[in-house]
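The residues of the chain are indexed from 1 along the displayed sequence. Model, not experiment: these values are computed from the prediction.
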Amino acid sequence: MSTSSSPEASMEPTPSTAAPAASAQQIAKAESMAKLVYVLYLASLVVGVTSLIGVVIAYVYQGDAPEGLRTHFRLQIRTFWIGLLYAFLGVLLSLAGVGLVLLAFVAVWLIVRCVKGLRYLDRREPYPVAGTWLW
């Protein structure tokens, strides 16, 4: 009995032919999910729960994404947590009357981050500074 198998004997695709197709499919799916997360974040300005769905998607897809897309998922995860912190501070400060300004800033901040992220994603570029607290 021979230990080597010929490509004709196996139903599995060879690594040289399967990897590019699977990789292209994986990249396309990750790009779609990154776009979906940005859209869910923008929708959260009207329906807040969509941001929670978005951060779960970002956590799920960041590990398998190529490095360029991983920067987008990292930015999205940071956007959720930093936005939650800013919103919490805004709600606390609104009791004193100044929080409404901070809440308006959070809305603008979220829109800018999402629009910039979508722009870079459409150009298939990584987000340049995914670790920033601002834009």
Is there a path of hydrophobic side-chain contacts, each under 4.5 Å between heavy atoms of I/L/V/M/F/W/Y residues, joining [Y] to [X]?
| X | Y | value |
| --- | --- | --- |
| V91 | V106 | no |
| V101 | L93 | no |
| I77 | V60 | yes |
| I53 | W81 | yes |
| V46 | L42 | no |

Minimum heavy-atom distance between [X] and [Y], given as atom pair plus value:
| X | Y | answer |
| --- | --- | --- |
| R113 | Y38 | O-CE2, 4.2 Å |
| G90 | L102 | N-CD2, 3.4 Å |
| F73 | Q62 | CB-CB, 3.6 Å |
| Y41 | L110 | O-CD2, 3.4 Å |

So [Y] and [X], do their side chains get closer than 4.5 Å, heavy atoms only?
| X | Y | value |
| --- | --- | --- |
| L45 | I111 | yes |
| V55 | Q76 | no |
| L69 | L121 | yes |
| Y61 | V37 | no |

Would you find a donor on one side and an acceptor on the other, under 3.5 Å apart, between the side chain of [X] and the backbone of [Y]?
| X | Y | result |
| --- | --- | --- |
| S94 | G99 | no |
| H72 | E125 | yes |
| T71 | P126 | no |

Look up atom CD in Q26 and atom CD in E31, then write down how far apart they are to the nearest 0.5 Å. 11.5 Å
Are there more than 12 heavy atoms of other residues, nucleotides or ligands under 6.0 Å from atom CZ of R123? yes
